[in-house]
Participant: 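The structure follows.
Just so you know, these numbers use all the heavy atoms, side chains as well, and skip hydrogens, waters and symmetry mates.
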Amino acid sequence: MELINITLPDGNVKQYPKGTTGLEIAQSISEGLMRNVLAAKINGEIWDATRPIFADSHLQLLTWKDTEGKATFWHSSAHLLAEAIEALYPKTKFGIGPAIEQGFYYDIELPDGKMLSQEQFEEIEKKMLELARQKNTYQRTEVSKADAIQYFTEKGDEYKLELIEGLTDGQITFYQQGNFTDLCRGPHIPNTGFIKAVKLMNVAGAYWRGDVTRKQLTRIYAVSFPQEKELKEYLTLLEEAKKRDHRKLGKELELFTFSENVGMGLPLWLPKGTLLRERLENFLRKAQVKAGYSPVVTPHIGSKKLYEISGHWEKYGKDSFQPIYTPEEGEQFLLKPMNCPHHCEIFASKPRSYKDLPLRLAEFGTVYRYEQSGELHGLTRVRGFTQDDAHIFCRTDQVKDEFGKVIDLVLYVFRSLGFSEYTAQVSIRDKSDLGKYLGDPADWEMAEKGIEEVALEKGLNIVIEEGEAAFYGPKLDFMVKDALGRKWQLGTVQVDYQLPKRFKLEYIGADNQKHCPVMIHRAPFGSLERFIAVLTEHCAGDFPLWLAPEQIAVLPISEKYHEYAHQVLTALEESDIRGYLDERDEKIQRKIRDAEVKKIPYMIIVGEKEQAEGRISIRKHHEGDKGSTTLEDFIGQFKTEIAHVKQ
RNA sequence: GCCUCUGUAGCUCAGCUGGUAGAGCAACUGACUUGUAAUCAGUAGGUCGUUGGUUCGAUUCCGACCGGGGGCUCCA
């Protein structure tokens with residue numbers, strides 16, 4: 001019998017008969033491994049674990065722990081979903097059914113224009129599990145294009161036929177499990193029995209091939225797991241996320257609201273939310289002054305001309321809020337969608353020398369952008385928002401250094417706010433299509449290299465994304481991971497060679513010649529709205545002490561101690577500690593409960609004892625009674641607790 | 001914009017198959033004067049998102065519009 005060499009991930013080489021499968025190799029290692037193998041990675045390519053191997057190969061067995069193993073599992077689950085739907089609703093047509101980040105979906109079209117609703121979920125889930133228990137194998141067959149076309153013509157599935165049209169004859173495969181056959185590249189898990197838990201999440205409309213001009217299919221989102229327990233954990237996580245939803249907490253904690261009369265996507269900041277916002281602003285303002293930024297203020301509207309110069313009108317104009325006109329002359333103005341053109345004009349307001357650079361202009365600039373109604377979402381997608389914007393005008397040779405300084409600032413912001421896990425995504429040019437980028441290739445080269453170098457120097461965990469750069473320059477985006485492990489894109493830093501040219505910006509260099517500066521756009525928060533949304537969900541509404549809109553609640557035991565309570569509150573306010581006094585005729589238990597629900601970090605309880613001894617009793621949110629202390633000591637501790645943040 | 005779900009008092013929600021609405025909390029009034037997560041009683045509060053239609057009659061059925069949620073990039 002002929003043997004082949006299989007190299008395992010640890011470097012060991014073992015010999016197996018030609019035609020052996022990943023599954024058989026797993027079995028030779030251990031029975032337990034065999035039960036967990038979902039797919040096999042052969043020389044970097046993912047295969048069915050049941051597909052025979054005929055040549056010497058590097059092999060990695062994929063399980064649920066591997067991202068690719070999960071993806072295979074979910075993709076196979078999508079087939080199971082389709083099988084169940086076909087069994088329940090014959091003549092259903094199928095689009096595509098891929099695995100996604102968390103689960104999978106299948107785009108389908110039910111016969112006779114019928115729609116699917118949540119009511120049918122249970123029935124489908126039941127069917128899926130029933131089919132899963134049959135432990136049907138996923139059978140791979142290679143088919144000719146003609147046979148593939150014949151099969152789906154007979155089945156009457158024009159979506160699959162369209163997909164086949166785009167494929168090359170000789171590279172087409174079908175997979176069959178039970179009575180369901182699907183056009184599929186694979187790979188798949190060994191059999192449906194691996195799927196122990198399924199849950200349909202929701203249905204949504206999705207255009208065929210993402211094209212708005214084409215038919216909208218029904219997309220069914222679902223997740224599946226190899227163990228019932230994992231589904232439960234996943235659902236618990238979703239519940240936790242729901243509890244932390246910034247829209248829910250924003251309402252409960254009275255941070256912001258929306259009004260139909262004001263307009264959708266236009267947040268109204270309530271007093272407590274405004275306090276939070278202002279603290280964030282002041283915090284960054286202070287850090288920016290220290291980092292050499294100059295605050296500026298520009299109007300909320302700008303002449304349409306300004307945006308014609310910047311190019312934004314041409315690029316975004318038709319999808320934007322439309323111009324407003326002056327009554328007499330009919331001049332056109334736009335609600336500003338960007339602060340950069342205004343800042344460019346500030347740069348241009350007087351002659352600049354190379355010695356003036358870098359010039360860093362910062363503004364908490366509120367901008368307005370038209371988002372499609374369906375895109376709006378709480379504070380994360382809105383039509384009016386405030387960017388913690390700044391533009392750094394510098395020389396080409398200063399780009400790297402300035403980039404480094406911006407990274408320092410962003411990291412300082414993240415650390416101060418309790419985001420400890422973050423990565424940086426560096427977006428550079430698509431090397432195969434350099435023509436579409438504006439600016440001197442040599443400058444690009446220098447900037448791309450500089451960004452990567454400086455990001456690594458700063459110890460950032462970076463991911464390079466080729467082809468993701470904007471046409472006007474490379475960029476770096478910060479992704480943070482929140483307390484539930486969800487990823488959010490926050491701060492961004494972008495190099496721009498384009499805008500300074502369009503505005504004909506110039507400075508006099510050491511050579512007494514005119515030069516065009518480079519511009520760096522940057523926003524550590526991104527937008528205050530989005531940032532506060534992410535922060536709220538990250539800390540579940542328990543804001544860091546220095547940010548909490550109300551830091552303390554003074555709770556007198558009864559009316560008799562109101563005067564003493566007033567004295568305490570006044571003393572705290574004089575030390576810049578913000579809080580409120582609960583003077584209601586309620587029992588102390590009630591006052592405490594209400595303060596806990598409002599997530600007030602500290603409660604100060606004063607009654608007979610405290611008044612007599614000139615002390616206060618402390619209770620901490622989530623932690624309970626902390627005993628009594630003097631006012632001075634408490635203020636001292638309080639200050640120490642927030643000292644790490646320069647406010 | 002499109003698909004889908006959804007819209008009842010300030011908030012959270014109940015209201016079976018059509019007969020013009022109910023609870024808890026909040027608010028207000030009063031009593032209680034309180035020791036570490038909800039004191040008791042009373043009062044008030046809604047043209048059931050808007051607007052057409054079906055019907056003797058609609059919060060309940062149908063349509064349109066408005067708002068909210070989920071989704072519309074993940075390529076067999």
Participant: If I take atom CD in residue E371(A) and atom C1' in nucleotide G71(B), what distance separates them, rounded to the nearest angstrom?
Facilitator: 16 Å

Participant: Please state how far atom CD in E468(A) lies from atom P in C74(B), giving the value in whole angstrom units.
Facilitator: 15 Å

Participant: On the 0 to 90° scale, with breaks at 30° and 60°, tag the H75(A)-H188(A) ring pair as parallel, tilted or perpendicular.
Facilitator: tilted

Participant: Output the single nucleotide from G70(B), C74(B), U4(B) whose closest atom is nearest the side chain of H377(A).
Facilitator: G70(B)

Participant: Go ahead and name the base partner of A44(B); Watson-Crick or wobble counts if both distances stay under 3.5 Å, otherwise write none.
Facilitator: none

Participant: Hey, is the side chain of K251(A) poking within less than 4.0 Å of OP1 or OP2 on U12(B), counting only N and O atoms?
Facilitator: yes

Participant: Distance check: side-chain N/O of R247(A) vs OP1/OP2 of G68(B), anything under 4.0 Å?
Facilitator: no

Participant: In whole Å, measure the gap between the P atoms of C61(B) and C74(B) for me.
Facilitator: 36 Å

Participant: Choose from U33(B), G1(B), A37(B) the nucleotide whose nearest atom is closest to any side-chain atom of V597(A).
Facilitator: A37(B)

Participant: Using the side-chain heavy atoms of I592(A), tell me which of these nucleotides is nearest: U36(B), U33(B), C25(B).
Facilitator: U36(B)

Participant: When the distance from CG of D582(A) to P of G35(B) is rounded to whole Å, what number comes out?
Facilitator: 15 Å

Participant: Between H246(A) (side chain) and L379(A) (backbone), is there a donor-acceptor pair under 3.5 Å?
Facilitator: yes

Participant: With rounding to whole Å, what would you report as the distance between C16(B) and C72(B) at their C1' atoms?
Facilitator: 37 Å

Participant: In whole angstrom, what separates I604(A)'s CD1 from G35(B)'s C1'?
Facilitator: 16 Å

Participant: Spell out yes or no: do the side chain of E559(A) and the base of U33(B) have one donor N/O and one acceptor N/O closer than 3.5 Å?
Facilitator: yes

Participant: Heavy atoms from C-beta onward define the side chain here; which of G1(B), A38(B), G71(B) lies closest to that of S373(A)?
Facilitator: G1(B)

Participant: Using a cut-off of 4.0 Å on non-hydrogen atoms, how would the nucleic acid contact of I164(A) be classed: base, sugar-phosphate, or nothing?
Facilitator: nothing

Participant: Is D182(A) salt-bridged to K160(A), going by a charged N under 4.0 Å from an acidic O?
Facilitator: yes

Participant: Is a side-chain N or O of Q176(A) found less than 3.5 angstrom from the main chain of R140(A), in a donor-acceptor match?
Facilitator: no

Participant: Mind checking if A99(A) touches a base, just sugar-phosphate, or nothing, with heavy atoms under 4.0 Å?
Facilitator: sugar-phosphate

Participant: Given atom CG of L200(A) and atom P of G70(B), what is their separation to the nearest angstrom?
Facilitator: 19 Å

Participant: Relative to W488(A), does K481(A) satisfy both conditions: NZ or CZ under 6.0 angstrom from the six-membered ring centre, and within 45 degrees of the ring's axis?
Facilitator: no

Participant: Would you measure the distance from the C1' atom in U43(B) across to the matching atom in U55(B) and give it in whole Å?
Facilitator: 39 Å

Participant: Check if the side chain of Y207(A) and the base of G71(B) share a donor-acceptor pair of N or O atoms closer than 3.5 Å.
Facilitator: no

Participant: Hey, does D625(A) reach any base, or is it just sugar-phosphate, or nothing, if we go heavy atoms under 4.0 Å?
Facilitator: base

Participant: Please answer whether the main-chain N or O of C184(A) pairs with a side-chain N or O of T173(A) as donor and acceptor at a distance below 3.5 Å.
Facilitator: yes

Participant: Looking at E610(A) and G35(B), is any side-chain donor or acceptor paired with a base atom of the opposite kind under 3.5 Å?
Facilitator: yes

Participant: With heavy atoms under 4.0 Å as the rule, sort Q171(A) into base, sugar-phosphate or nothing.
Facilitator: base

Participant: Looking across every strand, which nucleic acid part, if any, lies under 4.0 Å from Y159(A) by heavy atom: base, sugar-phosphate, or nothing?
Facilitator: nothing

Participant: For G35(B) and K591(A) - does any side-chain N or O of the residue sit under 4.0 Å from the phosphate oxygens OP1/OP2?
Facilitator: no

Participant: Can you tell whether the side chains of E537(A) and R486(A) come within less than 4.0 Å, N to carboxylate O?
Facilitator: yes

Participant: As a test of reading the structure: which of U33(B), A38(B), G71(B) is closest to the side chain of K560(A), going by heavy atoms?
Facilitator: U33(B)

Participant: Which part of the nucleic acid, if any, lies within reach of E260(A) when heavy atoms closer than 4.0 Å are counted: base, sugar-phosphate only, or nothing?
Facilitator: sugar-phosphate

Participant: Regarding C32(B), can its base be found pairing with the side chain of D585(A) as donor and acceptor, where the two atoms are less than 3.5 Å apart?
Facilitator: yes

Participant: Mind checking the C1' distance from G7(B) to G46(B)? Whole angstroms is fine.
Facilitator: 14 Å

Participant: Roughly how far apart, to the nearest Å, are A27(B) and U51(B) at atom C1'?
Facilitator: 32 Å

Participant: Let me know, please, whether C184(A) or I588(A) comes out on the 5' side of the other along RNA chain B by nearest nucleotide.
Facilitator: I588(A)

Participant: Report the base-pairing partner of C11(B) (Watson-Crick or G-U wobble, both distances below 3.5 angstrom), or none.
Facilitator: G24(B)

Participant: Sticking with atom P, work out how far G24(B) lies from A14(B), rounded to a whole angstrom.
Facilitator: 16 Å

Participant: Could you tell me how far U12(B) sits from A38(B) if I compare only their C1' atoms? Round to whole Å.
Facilitator: 16 Å

Participant: What nucleotide, of C75(B), G35(B), U33(B), holds the atom closest to the side chain of I96(A)?
Facilitator: C75(B)

Participant: If you assign each of G210(A) and F258(A) to its closest nucleotide in RNA chain B, which residue comes earlier from the 5' end?
Facilitator: F258(A)

Participant: Looking at R619(A), does any N or O in its side chain come under 4.0 Å of the phosphate oxygens OP1/OP2 on G35(B)?
Facilitator: no

Participant: Would you indicate what G627(A) reaches in the nucleic acid, counting non-hydrogen atoms under 4.0 angstrom: base, sugar-phosphate, or nothing?
Facilitator: nothing

Participant: According to the Watson-Crick and G-U wobble definitions, with both distances under 3.5 Å, which nucleotide is paired to C2(B)?
Facilitator: G71(B)

Participant: Can you measure R590(A) atom CZ to C25(B) atom C1' for me and round it to whole angstrom units?
Facilitator: 9 Å

Participant: Pairing check on A37(B): which nucleotide meets the Watson-Crick or G-U wobble criteria with it, both distances under 3.5 Å?
Facilitator: none

Participant: Identify whether any heavy atom of E608(A) sits under 4.0 Å from a base atom; if not, whether one sits that close to sugar-phosphate; answer base, sugar-phosphate or nothing.
Facilitator: base

Participant: Rounded to the Å, how far apart are W208(A) CH2 and C72(B) C1'?
Facilitator: 14 Å

Participant: For the C1' atoms, the ones on C11(B) and on G70(B), what distance do you get once it is rounded to whole angstrom?
Facilitator: 23 Å

Participant: F321(A) CZ to G1(B) C1': how many Å, rounded?
Facilitator: 14 Å

Participant: Can E162(A) and R214(A) be counted as an ion pair, charged N to O under 4.0 angstrom?
Facilitator: yes

Participant: Go through the structure and list residues passing salt bridge (Lys or Arg N to Asp or Glu O under 4.0 Å) with D594(A), not counting sequence neighbours.
Facilitator: R584(A), R590(A)

Participant: Counting only side-chain heavy atoms from C-beta out, which of C75(B), G71(B), G35(B) sits nearest to Q216(A)?
Facilitator: G71(B)

Participant: Can you check whether R219(A) has a side-chain N or O nearer than 4.0 Å to OP1 or OP2 of U4(B)?
Facilitator: no

